[in-house]
Structure formats: C-alpha cells, structure tokens
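For reference, positions follow the sequence shown, starting with 1.
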Amino acid sequence: MMPIKILSQKPILDADLFSVVETTLDINGTTHVHRNVYRPSVASVFPLSDDGEIYLIRQYRYLHGETFLEEIAGHIEKNEHPVEAAKRELREESGLSAKNWSEFGTYVGMSSVVKTRIHMFIARDLSEGSSSPEEDESIELVKMSLDEALESVLTGKVKNSIASLGILLLHTMRERGEL
C-alpha cells in the first residue's frame, strides 16, 4: 500500500443531493489535488412477489437522455435508518408496502471519485397501495420474473449498475437455494 497523507480538505460545492470536496494529498512525497463527490447513502429495494417475480421501475433520466429500468431507490435522510428509508421509497415510488425486509448487501457506488453507500434490501409479503412520487418523477412499475430480469441485465436492457448487481445477486441466491 502506498502511504497517503491528507494535507487539507475544503468544500467547493454544497448541493441538496451531494457535495464536492477538494482534497490535497501527499502521495509518496508528491502533492496531488483530488475533487470528490460525497452523496448521502442510498436505500435500494428489490421487491419480490409471493410467486418469485421482481418489481422494478421504469423512468426517464434526463441526465442520460433515456429511459432506465432500475430498482426502487432513494437517498437516506439524515438520522434515518436504512430500512426506514427503504420502506419510505418503496411506498413513494411504487405504492407497495412489505411486511418482511432483509438487507442483502451494502456496497459503494464508486471507489475513486464518488463516495456513497448503497444498502440493498429484499422486500417480501407485499401489499398494494397508492404511490406518491416526487413532482419531478414519472415512474412506471414493472413486474417480471427473475429470469426475465436477469436476461434484461445480460442483454443491456438494465444499464443501472446497482439494479444489475442486485438482480445478479438475487439470481445467484436463488440458484444456491438462499432466496
């Protein structure tokens, strides 16, 4: 491991959903400046029906100029427990609620430029209700078999990295008899 010493850090942008910090580092006697994005942690939800189907959402992402098929997810508010955020996001984005929750992984979004944690949950024993997406969200709930979801990952129809990871993990868990 190379020795790294943080010489200084200063915020250069503070926005609602992220901040940017400039960090000056000493790496092996050489000074380097990095600018990193810090995002609040995220709760990602993978609802599974009693017959083993998965719910995903479809929504347009203007940043990429295309519609994505992805997991239900949202930022964890300050002082909010990850599972409470997952429950809130599930209700808001899909209208679903779940009686049975299990966290099946915590991952980082990127390891070099963006710092965030993603808590991944399986939601089961589902019941339907009314969704209440945010004003700038237009969300379509999509239900499919786990095999169809896996095929969507393998063929590039699911491009979101966390949705892809979650579907691959769920498929592997099912193959191992853990789901």
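- Hydrophobic clustering (ILVMFWY, side-chain heavy atoms < 4.5 Å, transitive): Ile57 and Val153 are in distinct clusters.
- Between the side chain of Asn36 and the backbone N or O of Ser112, at least one donor-acceptor pair lies under 3.5 Å.
- When the shell of 6.0 Å around CD of Glu178 is examined, it contains more than 12 heavy atoms from other residues, nucleotides or ligands.
- The minimum heavy-atom distance between Ser138 and Gln59, with the atom names listed, is O-CB, 3.3 Å.
- Applying the salt bridge (charged side-chain N to carboxylate O under 4.0 Å, His left out) rule to Lys87 yields the partners Glu84; only residues at least two apart in sequence or on another chain are considered.
- Summarising the geometry of Arg58 relative to Leu69, their closest heavy-atom pair is NH2-CD1, 4.2 Å, with the distance given to 0.1 Å.
- Transitive grouping of hydrophobic side chains (ILVMFWY, heavy atoms separated by less than 4.5 Å) brings Leu150 and Ile162 into a common cluster.
- Val21 and Leu7 fall into different hydrophobic clusters, where Ile, Leu, Val, Met, Phe, Trp and Tyr residues are linked whenever their side-chain heavy atoms come under 4.5 Å apart, directly or through other members.
- Rounded to the nearest 0.5 Å, atoms CD (Glu103) and CE (Met120) are 9.5 Å apart.
- From Glu53, atom CD reaches atom CG of Leu126 across 11.0 Å, with rounding to the nearest 0.5 Å.
- Remark: of the listed residues Met144, Lys143, Glu140, Met144 is the sole one forming a side-chain contact (heavy atoms from CB on, under 4.5 Å) with Leu56.
- Leu25 meets the side-chain contact (heavy atoms from CB on, under 4.5 Å) test with Ile4, Ile6, Thr23, Ile27, His34; sequence neighbours excluded.
- Between Arg39 and Val42, the shortest heavy-atom distance links the atoms NH2-CG2, 3.4 Å.
- Of the residues Leu169, Ile122, Thr172, the one that meets the side-chain contact (heavy atoms from CB on, under 4.5 Å) test with Leu179 is Ile122.
- Cluster annotation: Phe104 is connected to Leu48 through the hydrophobic network of ILVMFWY side chains, with a link wherever side-chain heavy atoms come within less than 4.5 Å.
- Across all non-hydrogen atoms, the minimal contact from Ala73 to Glu89 is O-OE1, 3.4 Å.
- For Arg88, the CZ atom sits in a packed shell: over 12 heavy atoms of surrounding residues, nucleotides or ligands are nearer than 6.0 Å.
- Interatomic distance, OH of Tyr38 versus CZ of Phe18, reported as 14.0 Å (0.5 Å rounding).
- Closest non-hydrogen pair, Phe121 versus Ala43, comes out as CE1-CB, 4.4 Å.
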>> Could you walk me through whether Val108 and Lys115 satisfy the side-chain contact (heavy atoms from CB on, under 4.5 Å) test, starting with their C-alpha distance in whole Å, then the side-chain angles of each, then the deciding distance to 0.1 Å, before giving a yes or no?
In response: CA-CA 7 Å; Val108 296; Lys115 183 174 182 179; over 6 Å; no
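- Of the possible polar contacts, one joining the Thr116 side chain to the Pro40 backbone as a donor-acceptor pair under 3.5 Å is found.
- One hydrophobic cluster holds both Val113 and Leu13 under the rule that ILVMFWY side chains link at heavy-atom gaps under 4.5 Å.
- Rounding to the nearest 0.5 Å places CG of Leu96 at 11.5 Å from CZ of Arg91.
- A distance-only check finds a donor-acceptor pair linking the side chain of His81 to the backbone of Val83 [under 3.5 Å].
- In this structure, Leu90 and Pro47 approach most closely via the heavy-atom pair CD1-CG, 3.6 Å.
- Within the model, atoms CG of Leu154 and CG of Leu168 stand 6.5 Å from one another, a figure rounded to the nearest 0.5 Å.
- Expressed to the nearest 0.5 Å, how far CD1 of Ile72 lies from CZ of Phe46 amounts to 9.5 Å.
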> Under the side-chain contact (heavy atoms from CB on, under 4.5 Å) criterion, do Ile12 and Lys10 qualify, and how do the steps go?
Replying inline: CA-CA 6 Å; Ile12 56 176; Lys10 68 176 180 179; 4.3 Å; yes
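- Atom CG of Asp16 sits in a sparse spot, with 12 or fewer heavy atoms from other residues, nucleotides or ligands closer than 6.0 Å.
- No side-chain donor from either of Asp147 and Ser145 sits under 3.5 Å from a side-chain acceptor of the other.
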